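Below is one structure, written out as C-alpha coordinates; the observations come after it.
Note that this is a predicted model, so its numbers are computed, not measured. Worth knowing before you read on, the calculation uses all heavy atoms, side chains too, and leaves out hydrogens, waters and symmetry mates. Sequence lines set the chain letters: A, B, ... in the order given, protein chains first and strands last, and positions in each chain run from 1.
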2 protein chains.
Amino acid sequence: MDHAEAETRLLDAAEGLFYERGIQAVGMDQVRAASGLSLKRLYRLFPAKSELVKACLDRRDRRWRARLAAAVGERPEGDERVLAVYDWLHAWFTEPDFRGCAFVNAYGELGAVDPAVADAVRAHKRAFRAYMAELVTAAGHPEALTGPLVLLAEGAMTAAAISGSPEAAREARRGAERLLGAAAGRS
Amino acid sequence: MDHAEAETRLLDAAEGLFYERGIQAVGMDQVRAASGLSLKRLYRLFPAKSELVKACLDRRDRRWRARLAAAVGERPEGDERVLAVYDWLHAWFTEPDFRGCAFVNAYGELGAVDPAVADAVRAHKRAFRAYMAELVTAAGHPEALTGPLVLLAEGAMTAAAISGSPEAAREARRGAERLLGAAAGRS
DNA sequence: CCGGATGGAGAACGATCGTTCTCCACTGTA
DNA sequence: TACAGTGGAGAACGATCGTTCTCCATCCGG
(Lines give C-alpha, C1' and ligand atoms only; values in the text may rest on other atoms or scores of the structure.)
Protein backbone atom coordinates (compact mmCIF):
# COMPACT_ATOMS: atom_id res chain seq x y z
CA MET A 1 0.00 0.00 0.00
CA ASP A 2 1.61 3.25 -1.10
CA HIS A 3 1.58 6.60 0.61
CA ALA A 4 -1.44 8.01 -1.21
CA GLU A 5 -3.63 4.98 -0.65
CA ALA A 6 -2.68 4.86 3.02
CA GLU A 7 -3.64 8.49 3.45
CA THR A 8 -6.95 7.94 1.68
CA ARG A 9 -7.81 4.93 3.81
CA LEU A 10 -6.86 6.80 6.94
CA LEU A 11 -8.90 9.87 6.11
CA ASP A 12 -11.86 7.74 5.04
CA ALA A 13 -11.81 5.81 8.31
CA ALA A 14 -11.23 8.84 10.51
CA GLU A 15 -13.80 11.01 8.82
CA GLY A 16 -16.42 8.30 8.98
CA LEU A 17 -15.86 7.61 12.65
CA PHE A 18 -15.59 11.25 13.66
CA TYR A 19 -18.78 12.06 11.84
CA GLU A 20 -20.68 9.07 13.13
CA ARG A 21 -19.76 9.27 16.81
CA GLY A 22 -18.13 12.64 17.40
CA ILE A 23 -14.47 13.48 17.39
CA GLN A 24 -13.62 13.15 21.07
CA ALA A 25 -15.60 9.95 21.35
CA VAL A 26 -13.34 8.20 18.83
CA GLY A 27 -9.92 7.04 19.96
CA MET A 28 -6.89 6.86 17.75
CA ASP A 29 -6.88 3.11 18.20
CA GLN A 30 -10.31 2.86 16.66
CA VAL A 31 -9.10 4.95 13.74
CA ARG A 32 -6.16 2.59 13.38
CA ALA A 33 -8.42 -0.47 13.42
CA ALA A 34 -10.84 1.00 10.89
CA SER A 35 -8.11 2.17 8.56
CA GLY A 36 -6.10 -1.02 8.65
CA LEU A 37 -2.91 0.97 9.12
CA SER A 38 -0.44 0.54 11.92
CA LEU A 39 -0.29 3.13 14.65
CA LYS A 40 3.26 3.96 13.62
CA ARG A 41 2.31 4.70 10.06
CA LEU A 42 -0.73 6.64 11.16
CA TYR A 43 1.39 8.94 13.29
CA ARG A 44 3.90 9.35 10.49
CA LEU A 45 1.13 10.63 8.22
CA PHE A 46 -0.42 12.88 10.89
CA PRO A 47 1.77 13.52 13.95
CA ALA A 48 -1.21 14.37 16.16
CA LYS A 49 -4.92 13.75 16.31
CA SER A 50 -5.62 17.45 15.91
CA GLU A 51 -3.87 17.43 12.54
CA LEU A 52 -5.85 14.41 11.44
CA VAL A 53 -9.03 16.21 12.43
CA LYS A 54 -8.04 19.26 10.47
CA ALA A 55 -7.20 17.18 7.42
CA CYS A 56 -10.58 15.46 7.63
CA LEU A 57 -12.40 18.77 7.81
CA ASP A 58 -10.43 20.24 4.92
CA ARG A 59 -11.07 17.26 2.70
CA ARG A 60 -14.73 17.11 3.65
CA ASP A 61 -15.11 20.81 2.86
CA ARG A 62 -13.76 20.30 -0.64
CA ARG A 63 -15.84 17.22 -1.29
CA TRP A 64 -19.05 18.65 0.13
CA ARG A 65 -18.87 21.80 -1.93
CA ALA A 66 -17.89 19.90 -5.03
CA ARG A 67 -20.87 17.59 -4.69
CA LEU A 68 -23.19 20.52 -4.15
CA ALA A 69 -21.80 22.38 -7.15
CA ALA A 70 -22.11 19.28 -9.31
CA ALA A 71 -25.79 18.87 -8.43
CA VAL A 72 -26.52 22.55 -8.93
CA GLY A 73 -24.65 22.65 -12.21
CA GLU A 74 -27.06 20.18 -13.76
CA ARG A 75 -29.93 22.64 -13.51
CA PRO A 76 -30.68 25.51 -15.88
CA GLU A 77 -29.41 28.89 -14.80
CA GLY A 78 -31.60 31.11 -12.69
CA ASP A 79 -33.88 30.35 -9.76
CA GLU A 80 -33.68 26.64 -10.52
CA ARG A 81 -30.06 26.63 -9.45
CA VAL A 82 -30.83 28.27 -6.15
CA LEU A 83 -33.62 25.80 -5.44
CA ALA A 84 -31.39 22.93 -6.50
CA VAL A 85 -29.43 23.55 -3.31
CA TYR A 86 -32.40 22.48 -1.22
CA ASP A 87 -33.10 19.46 -3.36
CA TRP A 88 -29.51 18.38 -2.94
CA LEU A 89 -29.83 18.91 0.79
CA HIS A 90 -32.84 16.62 0.78
CA ALA A 91 -30.88 13.92 -0.99
CA TRP A 92 -28.07 14.36 1.53
CA PHE A 93 -30.41 14.22 4.52
CA THR A 94 -31.83 10.99 3.17
CA GLU A 95 -28.48 9.20 3.20
CA PRO A 96 -28.62 6.57 5.94
CA ASP A 97 -25.61 7.82 7.84
CA PHE A 98 -26.59 11.48 7.78
CA ARG A 99 -25.91 13.08 11.12
CA GLY A 100 -26.01 16.81 10.46
CA CYS A 101 -23.36 19.19 9.25
CA ALA A 102 -19.98 17.84 10.29
CA PHE A 103 -18.70 21.39 10.64
CA VAL A 104 -21.48 22.49 12.95
CA ASN A 105 -20.94 19.35 15.00
CA ALA A 106 -17.20 19.92 15.15
CA TYR A 107 -17.70 23.55 16.10
CA GLY A 108 -20.00 22.69 18.95
CA GLU A 109 -17.60 20.09 20.20
CA LEU A 110 -14.21 21.73 19.69
CA GLY A 111 -14.77 25.27 18.43
CA ALA A 112 -14.16 26.78 21.82
CA VAL A 113 -11.09 24.73 22.53
CA ASP A 114 -9.30 24.21 19.22
CA PRO A 115 -8.79 27.33 17.09
CA ALA A 116 -7.83 25.29 14.04
CA VAL A 117 -11.23 23.62 14.10
CA ALA A 118 -12.98 26.94 14.57
CA ASP A 119 -11.08 28.38 11.60
CA ALA A 120 -11.91 25.46 9.36
CA VAL A 121 -15.59 25.70 10.22
CA ARG A 122 -15.71 29.43 9.61
CA ALA A 123 -13.97 29.02 6.27
CA HIS A 124 -16.41 26.32 5.21
CA LYS A 125 -19.45 28.38 6.09
CA ARG A 126 -17.99 31.46 4.47
CA ALA A 127 -17.40 29.53 1.26
CA PHE A 128 -20.93 28.17 1.26
CA ARG A 129 -22.34 31.64 1.73
CA ALA A 130 -20.19 33.01 -1.09
CA TYR A 131 -21.40 30.24 -3.36
CA MET A 132 -25.03 30.96 -2.53
CA ALA A 133 -24.43 34.64 -3.19
CA GLU A 134 -23.16 33.73 -6.66
CA LEU A 135 -26.27 31.69 -7.38
CA VAL A 136 -28.57 34.42 -6.09
CA THR A 137 -27.03 37.24 -8.07
CA ALA A 138 -26.66 35.08 -11.19
CA ALA A 139 -30.41 34.51 -10.98
CA GLY A 140 -30.92 38.25 -11.01
CA HIS A 141 -31.92 38.68 -7.39
CA PRO A 142 -30.54 41.29 -5.02
CA GLU A 143 -27.65 40.00 -2.94
CA ALA A 144 -29.62 40.77 0.22
CA LEU A 145 -31.60 37.60 -0.41
CA THR A 146 -28.49 35.52 0.18
CA GLY A 147 -28.64 35.82 3.97
CA PRO A 148 -32.11 34.37 4.47
CA LEU A 149 -31.52 31.70 1.84
CA VAL A 150 -28.34 30.60 3.58
CA LEU A 151 -30.10 30.54 6.94
CA LEU A 152 -32.85 28.33 5.53
CA ALA A 153 -30.24 25.86 4.35
CA GLU A 154 -28.28 26.07 7.58
CA GLY A 155 -31.36 25.61 9.69
CA ALA A 156 -32.48 22.68 7.57
CA MET A 157 -29.20 20.87 8.23
CA THR A 158 -29.50 20.98 11.99
CA ALA A 159 -33.26 20.46 12.03
CA ALA A 160 -32.92 17.39 9.81
CA ALA A 161 -30.15 16.01 11.98
CA ILE A 162 -32.02 16.44 15.24
CA SER A 163 -35.44 15.38 13.99
CA GLY A 164 -34.01 12.51 11.97
CA SER A 165 -36.20 13.42 9.00
CA PRO A 166 -35.27 15.01 5.66
CA GLU A 167 -38.49 16.97 5.65
CA ALA A 168 -36.68 20.15 6.71
CA ALA A 169 -35.17 20.33 3.24
CA ARG A 170 -38.63 20.48 1.72
CA GLU A 171 -39.64 23.21 4.16
CA ALA A 172 -36.50 25.14 3.34
CA ARG A 173 -37.20 24.84 -0.34
CA ARG A 174 -40.76 26.10 0.08
CA GLY A 175 -39.43 29.03 2.08
CA ALA A 176 -36.83 29.75 -0.58
CA GLU A 177 -39.44 29.66 -3.33
CA ARG A 178 -41.45 32.22 -1.49
CA LEU A 179 -38.42 34.40 -0.87
CA LEU A 180 -37.50 34.29 -4.52
CA GLY A 181 -40.96 35.35 -5.51
CA ALA A 182 -42.44 31.93 -6.14
CA ALA A 183 -41.90 32.39 -9.85
CA ALA A 184 -39.74 29.44 -10.82
CA GLY A 185 -40.63 26.96 -8.08
CA ARG A 186 -41.86 23.51 -8.87
CA SER A 187 -43.84 22.26 -5.88
CA MET B 1 -25.90 26.54 52.32
CA ASP B 2 -29.09 24.53 51.97
CA HIS B 3 -29.97 21.93 49.42
CA ALA B 4 -31.73 24.26 46.99
CA GLU B 5 -28.97 26.84 46.91
CA ALA B 6 -26.33 24.16 46.47
CA GLU B 7 -28.21 22.75 43.50
CA THR B 8 -28.59 26.19 41.96
CA ARG B 9 -24.91 26.99 42.35
CA LEU B 10 -23.97 23.65 40.92
CA LEU B 11 -26.23 23.95 37.89
CA ASP B 12 -25.13 27.53 37.31
CA ALA B 13 -21.48 26.55 37.36
CA ALA B 14 -21.90 23.41 35.30
CA GLU B 15 -24.14 24.99 32.69
CA GLY B 16 -21.80 27.94 32.28
CA LEU B 17 -18.73 25.79 31.84
CA PHE B 18 -20.39 23.23 29.58
CA TYR B 19 -21.73 25.97 27.36
CA GLU B 20 -18.50 27.93 27.25
CA ARG B 21 -16.06 25.11 26.57
CA GLY B 22 -18.10 22.06 25.63
CA ILE B 23 -19.26 19.24 27.85
CA GLN B 24 -16.47 16.75 27.43
CA ALA B 25 -13.84 19.44 27.72
CA VAL B 26 -14.95 20.28 31.26
CA GLY B 27 -13.95 17.97 34.08
CA MET B 28 -15.98 17.37 37.19
CA ASP B 29 -13.21 18.96 39.23
CA GLN B 30 -13.61 22.21 37.34
CA VAL B 31 -17.34 22.09 38.03
CA ARG B 32 -16.58 21.54 41.69
CA ALA B 33 -14.18 24.49 41.79
CA ALA B 34 -16.60 26.81 40.00
CA SER B 35 -19.56 25.80 42.12
CA GLY B 36 -17.76 26.00 45.44
CA LEU B 37 -19.24 22.68 46.49
CA SER B 38 -17.32 19.66 47.63
CA LEU B 39 -17.00 16.70 45.32
CA LYS B 40 -18.90 14.60 47.83
CA ARG B 41 -21.86 16.91 47.89
CA LEU B 42 -21.78 17.29 44.14
CA TYR B 43 -22.05 13.56 43.64
CA ARG B 44 -24.82 13.34 46.20
CA LEU B 45 -26.88 15.83 44.17
CA PHE B 46 -26.09 14.18 40.82
CA PRO B 47 -24.63 10.67 41.03
CA ALA B 48 -23.02 10.92 37.59
CA LYS B 49 -21.86 13.53 35.14
CA SER B 50 -24.45 12.41 32.61
CA GLU B 51 -27.24 13.23 35.05
CA LEU B 52 -25.75 16.63 35.71
CA VAL B 53 -25.63 17.24 31.98
CA LYS B 54 -29.24 16.23 31.60
CA ALA B 55 -30.29 18.48 34.49
CA CYS B 56 -28.45 21.41 32.90
CA LEU B 57 -30.15 20.85 29.57
CA ASP B 58 -33.58 20.53 31.16
CA ARG B 59 -33.19 23.70 33.17
CA ARG B 60 -31.76 25.58 30.24
CA ASP B 61 -34.68 24.50 28.06
CA ARG B 62 -37.20 25.87 30.54
CA ARG B 63 -35.32 29.13 31.02
CA TRP B 64 -34.63 29.68 27.33
CA ARG B 65 -38.25 29.21 26.33
CA ALA B 66 -39.49 31.32 29.22
CA ARG B 67 -37.21 34.18 28.25
CA LEU B 68 -38.32 33.95 24.64
CA ALA B 69 -41.99 33.87 25.61
CA ALA B 70 -41.52 36.85 27.91
CA ALA B 71 -39.98 38.93 25.14
CA VAL B 72 -42.60 37.89 22.63
CA GLY B 73 -45.43 38.54 25.07
CA GLU B 74 -44.55 42.21 25.24
CA ARG B 75 -45.49 42.72 21.62
CA PRO B 76 -48.97 43.18 20.22
CA GLU B 77 -50.60 40.07 18.85
CA GLY B 78 -50.10 39.19 15.22
CA ASP B 79 -47.06 39.32 12.97
CA GLU B 80 -45.25 41.46 15.53
CA ARG B 81 -45.05 38.49 17.82
CA VAL B 82 -43.55 36.27 15.18
CA LEU B 83 -40.96 38.91 14.33
CA ALA B 84 -40.23 39.46 18.01
CA VAL B 85 -38.61 36.04 17.99
CA TYR B 86 -35.87 37.28 15.69
CA ASP B 87 -35.37 40.47 17.67
CA TRP B 88 -34.97 38.41 20.80
CA LEU B 89 -32.50 36.20 18.99
CA HIS B 90 -30.51 39.30 18.07
CA ALA B 91 -30.38 40.37 21.71
CA TRP B 92 -29.28 36.87 22.69
CA PHE B 93 -26.58 36.72 19.99
CA THR B 94 -25.24 40.01 21.27
CA GLU B 95 -24.60 38.70 24.77
CA PRO B 96 -20.85 38.49 25.27
CA ASP B 97 -20.75 34.80 26.13
CA PHE B 98 -23.03 33.69 23.29
CA ARG B 99 -21.71 30.51 21.73
CA GLY B 100 -24.61 29.16 19.72
CA CYS B 101 -27.50 26.95 20.72
CA ALA B 102 -26.43 24.80 23.65
CA PHE B 103 -28.69 22.03 22.41
CA VAL B 104 -27.22 21.95 18.95
CA ASN B 105 -23.75 21.96 20.47
CA ALA B 106 -24.64 19.15 22.86
CA TYR B 107 -26.21 17.17 20.05
CA GLY B 108 -23.14 17.43 17.88
CA GLU B 109 -20.93 16.41 20.75
CA LEU B 110 -22.96 13.70 22.48
CA GLY B 111 -26.10 13.08 20.45
CA ALA B 112 -24.69 9.97 18.85
CA VAL B 113 -23.34 8.55 22.08
CA ASP B 114 -25.76 9.56 24.83
CA PRO B 115 -29.44 8.93 24.12
CA ALA B 116 -30.54 11.08 27.06
CA VAL B 117 -28.83 14.07 25.48
CA ALA B 118 -30.36 13.32 22.10
CA ASP B 119 -33.81 13.08 23.68
CA ALA B 120 -33.43 16.37 25.54
CA VAL B 121 -32.32 18.14 22.37
CA ARG B 122 -35.19 16.73 20.32
CA ALA B 123 -37.68 17.74 23.00
CA HIS B 124 -36.30 21.27 23.11
CA LYS B 125 -36.48 21.73 19.38
CA ARG B 126 -39.93 20.21 19.21
CA ALA B 127 -41.14 22.62 21.87
CA PHE B 128 -39.67 25.58 20.03
CA ARG B 129 -41.34 24.53 16.82
CA ALA B 130 -44.68 24.09 18.58
CA TYR B 131 -44.35 27.55 20.07
CA MET B 132 -43.60 29.09 16.69
CA ALA B 133 -46.58 27.27 15.21
CA GLU B 134 -48.77 28.89 17.86
CA LEU B 135 -47.46 32.34 17.00
CA VAL B 136 -47.89 31.75 13.27
CA THR B 137 -51.44 30.51 13.46
CA ALA B 138 -52.41 33.14 16.05
CA ALA B 139 -51.27 35.74 13.54
CA GLY B 140 -53.62 34.25 11.00
CA HIS B 141 -51.05 32.60 8.77
CA PRO B 142 -51.23 29.05 7.47
CA GLU B 143 -49.34 26.61 9.63
CA ALA B 144 -47.17 25.67 6.66
CA LEU B 145 -45.25 28.88 7.25
CA THR B 146 -43.97 27.54 10.55
CA GLY B 147 -41.35 25.30 8.99
CA PRO B 148 -39.43 27.97 7.07
CA LEU B 149 -39.74 30.42 9.97
CA VAL B 150 -38.28 27.87 12.36
CA LEU B 151 -35.46 27.11 9.94
CA LEU B 152 -34.60 30.80 9.67
CA ALA B 153 -34.30 30.99 13.44
CA GLU B 154 -32.38 27.74 13.66
CA GLY B 155 -30.00 28.75 10.92
CA ALA B 156 -29.48 32.14 12.53
CA MET B 157 -28.36 30.51 15.77
CA THR B 158 -25.60 28.49 14.19
CA ALA B 159 -24.60 31.16 11.70
CA ALA B 160 -24.30 33.72 14.50
CA ALA B 161 -22.26 31.35 16.62
CA ILE B 162 -19.82 30.48 13.86
CA SER B 163 -19.48 33.94 12.38
CA GLY B 164 -19.34 35.59 15.78
CA SER B 165 -21.78 38.28 14.64
CA PRO B 166 -25.43 38.83 15.55
CA GLU B 167 -26.17 39.97 12.03
CA ALA B 168 -27.75 36.62 11.18
CA ALA B 169 -30.71 37.55 13.37
CA ARG B 170 -31.34 40.62 11.23
CA GLU B 171 -31.14 38.53 8.08
CA ALA B 172 -33.53 36.01 9.56
CA ARG B 173 -35.96 38.75 10.47
CA ARG B 174 -35.86 40.20 6.98
CA GLY B 175 -36.51 36.75 5.58
CA ALA B 176 -39.38 36.24 8.00
CA GLU B 177 -40.93 39.59 7.05
CA ARG B 178 -40.88 38.56 3.45
CA LEU B 179 -42.38 35.17 4.22
CA LEU B 180 -45.17 36.74 6.23
CA GLY B 181 -46.00 39.05 3.38
CA ALA B 182 -43.95 42.04 4.46
CA ALA B 183 -47.04 43.66 5.95
CA ALA B 184 -46.11 44.26 9.57
CA GLY B 185 -42.31 44.49 9.33
CA ARG B 186 -40.46 47.43 10.78
CA SER B 187 -37.16 47.73 8.93
C1' DC C 1 23.19 -17.26 3.61
C1' DC C 2 23.70 -12.86 6.16
C1' DG C 3 23.16 -8.00 8.14
C1' DG C 4 20.81 -4.08 8.23
C1' DA C 5 16.90 -1.53 7.48
C1' DT C 6 11.76 -1.26 7.29
C1' DG C 7 7.39 -1.63 9.10
C1' DG C 8 3.76 -3.98 11.78
C1' DA C 9 1.67 -5.54 16.28
C1' DG C 10 0.84 -4.20 20.39
C1' DA C 11 2.85 -3.22 25.10
C1' DA C 12 4.06 0.72 27.72
C1' DC C 13 3.96 5.47 29.37
C1' DG C 14 2.15 9.62 31.13
C1' DA C 15 -1.70 12.39 31.55
C1' DT C 16 -6.46 13.09 32.47
C1' DC C 17 -10.98 12.02 33.99
C1' DG C 18 -15.02 10.18 36.49
C1' DT C 19 -15.80 8.39 40.75
C1' DT C 20 -14.86 6.82 45.47
C1' DC C 21 -12.45 6.76 49.75
C1' DT C 22 -9.70 8.48 53.68
C1' DC C 23 -8.89 11.51 57.02
C1' DC C 24 -9.86 15.26 59.87
C1' DA C 25 -12.06 19.53 61.58
C1' DC C 26 -16.19 20.89 63.38
C1' DT C 27 -20.89 20.75 65.37
C1' DG C 28 -24.38 19.88 68.86
C1' DT C 29 -25.40 17.38 73.19
C1' DA C 30 -24.91 15.71 77.98
C1' DT D 1 -14.93 17.39 78.46
C1' DA D 2 -16.23 13.38 75.83
C1' DC D 3 -18.44 11.71 71.74
C1' DA D 4 -21.18 10.47 67.67
C1' DG D 5 -22.09 12.22 63.35
C1' DT D 6 -21.73 15.37 59.44
C1' DG D 7 -19.36 17.34 55.69
C1' DG D 8 -15.23 19.26 53.42
C1' DA D 9 -10.50 18.76 51.25
C1' DG D 10 -8.21 16.28 48.48
C1' DA D 11 -5.70 11.74 47.85
C1' DA D 12 -6.50 7.52 45.56
C1' DC D 13 -8.33 4.28 42.15
C1' DG D 14 -9.40 2.44 37.80
C1' DA D 15 -10.23 3.31 33.19
C1' DT D 16 -9.23 5.51 28.93
C1' DC D 17 -6.65 8.11 25.66
C1' DG D 18 -2.91 10.16 22.89
C1' DT D 19 1.54 9.10 21.95
C1' DT D 20 5.90 6.53 21.97
C1' DC D 21 8.68 2.52 22.34
C1' DT D 22 9.97 -2.43 22.05
C1' DC D 23 10.30 -6.43 19.78
C1' DC D 24 10.08 -9.30 15.96
C1' DA D 25 9.10 -10.80 11.16
C1' DT D 26 10.18 -9.64 6.63
C1' DC D 27 12.71 -8.04 2.85
C1' DC D 28 16.92 -6.70 0.16
C1' DG D 29 21.72 -6.19 -1.49
C1' DG D 30 26.13 -8.77 -1.07
Side-chain angles (χ1 to χ4, degrees), chain A residues 1-57 105-106 108-117 120, chain B residues 1-57 105-106 108-117 120:
Chain A
M1 192 186 343
D2 68 345
H3 181 95
E5 185 186 345
E7 185 168 304
T8 301
R9 282 205 205 184
L10 177 52
L11 289 175
D12 285 348
E15 191 187 323
L17 287 170
F18 291 158
Y19 181 63
E20 181 185 341
R21 302 186 215 165
I23 294 169
Q24 308 197 71
V26 172
M28 292 297 271
D29 204 61
Q30 300 174 62
V31 174
R32 174 202 57 81
S35 68
L37 268 59
S38 72
L39 222 39
K40 196 189 271 184
R41 200 165 184 188
L42 191 162
Y43 272 96
R44 189 137 32 83
L45 289 167
F46 298 98
K49 186 182 186 179
S50 59
E51 305 192 26
L52 177 59
V53 169
K54 180 168 168 24
C56 286
L57 290 177
N105 293 347
E109 189 173 352
L110 295 172
V113 96
D114 186 339
V117 168
Chain B
M1 190 185 345
D2 67 345
H3 181 95
E5 185 186 346
E7 185 169 303
T8 302
R9 281 204 206 183
L10 177 52
L11 289 175
D12 285 348
E15 190 185 322
L17 287 170
F18 290 158
Y19 181 63
E20 181 185 340
R21 302 186 215 164
I23 294 170
Q24 309 197 71
V26 172
M28 292 298 270
D29 204 62
Q30 301 173 61
V31 174
R32 175 202 56 81
S35 68
L37 268 59
S38 72
L39 222 40
K40 197 190 273 184
R41 202 167 183 187
L42 190 161
Y43 272 97
R44 189 137 31 83
L45 289 167
F46 299 98
K49 186 181 186 179
S50 60
E51 305 192 24
L52 177 60
V53 168
K54 178 167 171 23
C56 286
L57 289 177
N105 293 347
E109 188 173 354
L110 295 172
V113 96
D114 185 338
V117 168

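- Qualifying salt bridge (Lys or Arg N to Asp or Glu O under 4.0 Å) partners for A:Arg21, counting only residues two or more places apart in sequence or in other chains: none.
- Legend: residues meeting side chain to side chain contact (heavy atoms under 4.5 Å, CB included) with A:Ala33, ordered by chain and number and at least two apart, are absent.
- Within residues 8-22 of chain A, no residue has any heavy atom under 4.0 Å from DNA chain D.
- Listed by first and then second residue, the salt bridge (charged side-chain N to carboxylate O under 4.0 Å, His left out) pairs involving residues 23-36 of chain A are A:Asp29-A:Arg32 (not counting sequence neighbours).
- Between B:Glu5 and B:Asp2, some side-chain heavy-atom pair lies under the 4.5 Å cut-off.
- Under the salt bridge (charged side-chain N to carboxylate O under 4.0 Å, His left out) criterion, no residue pair touches residues 108-117 of chain B, with sequence neighbours excluded.
- Against DNA chain C, the stretch residues 25-44 of chain B makes heavy-atom approaches under 4.0 Å through B:Val26, B:Gly27, B:Met28, B:Leu39, B:Lys40, B:Tyr43.
- Judged as a side-chain hydrogen bond (donor to acceptor under 3.5 Å, both in side chains), and not counting sequence neighbours, the contacts of A:Glu15 are A:Arg59, A:Arg60, A:Arg63.
- Over its full length, the helix from C:dG4-D:dC27 to C:dA30-D:dT1 turns its helical axis through 20°, comparing axes from the five pairs at each end and rounding to 10°.
- Rounding to the nearest 0.5 angstrom, the gap separating the CG atom in A:Asn105 from the CG atom in B:Leu110 is 11.0 Å.
- Here the straight-line distance linking atom CG of A:Leu52 with atom CG of A:Leu57 works out to 9.5 Å at 0.5 Å rounding.
- Minimum interatomic distance between A:Gly111 and A:Val117 (heavy atoms only, all atoms of both residues): N-CG1, 4.4 Å.
- Of all heavy-atom pairs between A:Cys56 and A:Leu11, the closest is SG-CD2, 3.9 Å.
- Counting 5' to 3', DNA chain D first comes under 4.0 angstrom of a heavy atom of chain A and last does so at the ends given by D:dG18 to D:dT22.
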Tell me which donor-acceptor pairs under 3.5 Å the side chains of residues 37-51 of chain A have, and how far apart each pair is, sequence neighbours excluded?
from	atom 1	to	atom 2	distance (Å)
A:Ser38	OG	A:Arg41	N	3.2
A:Arg41	NH2	A:Met1	O	2.7
A:Lys49	NZ	A:Ile23	O	3.2
A:Lys49	NZ	A:Val26	O	2.8

